[in-house]
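Throughout, protein chains are lettered first and strands after them, A, B, ... in sequence-line order, and every chain is numbered starting at 1. Remember, predicted model here, so these are calculated numbers, not experimental data.
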Amino acid sequence: AQSVTQLGSHVSVSEGALVLLRCNYSSSVPPYLFWYVQYPNQGLQLLLKYTTGATLVKGINGFEAEFKKSETSFHLTKPSAHMSDAAEYFCAVSRGPGNQFYFGTGTSLTVIP
Amino acid sequence: DAGITQSPRYKITETGRQVTLMCHQTWSHSYMFWYRQDLGHGLRLIYYSAAADITDKGEVPDGYVVSRSKTENFPLTLESATRSQTSVYFCASSDNQGNTGELFFGEGSRLTVL
């Protein structure tokens, strides 16, 4: 069975501060891991993904995430928050192409000017 | 560059009425999915399809019907809408020939059942 837990449904950071959004997963097989971002009244768009290989993955808009197998984590970070980063962020796990995705319940990021 | 489109974007209906949400993708992706998004629940899978004429239930299929006669279309029908089906519905597609299987989402259909 697979599942995703996102710690903190709401996170607030000051503009220019570090963004850290937490994601832990459970999976009985090597996971494919994803972070998606959702802006108001829009669909989800892919920020970054981990499949195999390098455990530190870089995505769009300056975000990156590190796959830590020993901690079953895939936390999302960005060194310096921008106002435009305010959105809902979803972590997801899959067993790979053709398999179901399991989404976390989302983290709403607020950026304070 | 249409990608994946959903219609209608907004719909208000009454309890007991039939509603169909349309989803169309231009990438010829083999997999298509319907999710509903509700506060506190994230995204929950309603139905998915691996190819034309192949569909399967997801986590919350009750009250919904899908069909997939053509690869590019995957309509979702609420046969008799209930207030609990008020939600935002997202269609997504995925190409299992790729090496990641990432999902590509539509803009969503916001449904209100009165």
Interface moiety of B:Gln6 toward chain A, non-hydrogen atoms closer than 4.5 Å: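 For B:Gln6, no heavy atom lies under 4.5 Å from chain A.
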
Pair B:Phe33 and A:Phe101, ring centroids less than 6.0 Å apart: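 Centroid distance B:Phe33-A:Phe101: not below 6.0 Å, so no.
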
Contacting moiety of A:Tyr102, where chain B heavy atoms sit under 4.5 Å: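 Neither part.
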
Region of A:Gln38 in contact with chain B, defined by heavy-atom distances below 4.5 Å: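 The answer is the side chain of A:Gln38.
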
Point-to-point distance, once rounded to the nearest 0.5 Å, from CG of B:Asp38 to OG1 of A:Thr105: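 Between B:Asp38 CG and A:Thr105 OG1, I get 12.0 Å after rounding to 0.5 Å.
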
Salt bridge (Lys or Arg N to Asp or Glu O under 4.0 Å) against A:Glu64, all qualifying residues, sequence neighbours excluded: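 By the salt bridge (Lys or Arg N to Asp or Glu O under 4.0 Å) rule, A:Glu64 matches A:Lys58.
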
Take atom [atom1] of [X] as the centre, draw a 6.0 Å sphere, and report whether it contains more than 12 heavy atoms from other residues, nucleotides or ligands.
X: B:Leu39; atom1: CG; result: no
X: A:Leu7; atom1: CG; result: yes
X: B:Arg44; atom1: CZ; result: yes
X: B:Arg17; atom1: CZ; result: no
X: A:Gln45; atom1: CD; result: yes

Top contributor to chain B contacts, counting heavy-atom pairs under 4.5 Å, from A:Phe90, A:Tyr50, A:Tyr36: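 When all of A:Phe90, A:Tyr50, A:Tyr36 are compared, A:Tyr36 has the most.
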
Heavy-atom closest contact (A:Leu46 atom, B:Glu102 atom, distance):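 So the two residues come closest at CD2-OE2, 3.1 Å.
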
4.5 Å side-chain heavy-atom contact, B:Leu45 and A:Gln100: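 Touching, per the 4.5 Å side-chain cut-off.
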
Note, A:Phe103 side chain near B:Leu103 side chain (heavy atom, < 4.5 Å):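 The answer is yes, as the side chains (C-beta and beyond) meet within the 4.5 Å cut-off.
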
Single-linkage hydrophobic cluster A:Leu109~A:Leu47, side-chain heavy atoms < 4.5 angstrom: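 Result: yes, single cluster for both.
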
side-chain contact (heavy atoms from CB on, under 4.5 Å) between B:Arg110 and A:Asn41, worked out: CA-CA 9 Å; B:Arg110 183 176 294 274; A:Asn41 297 317; 3.8 Å; yes

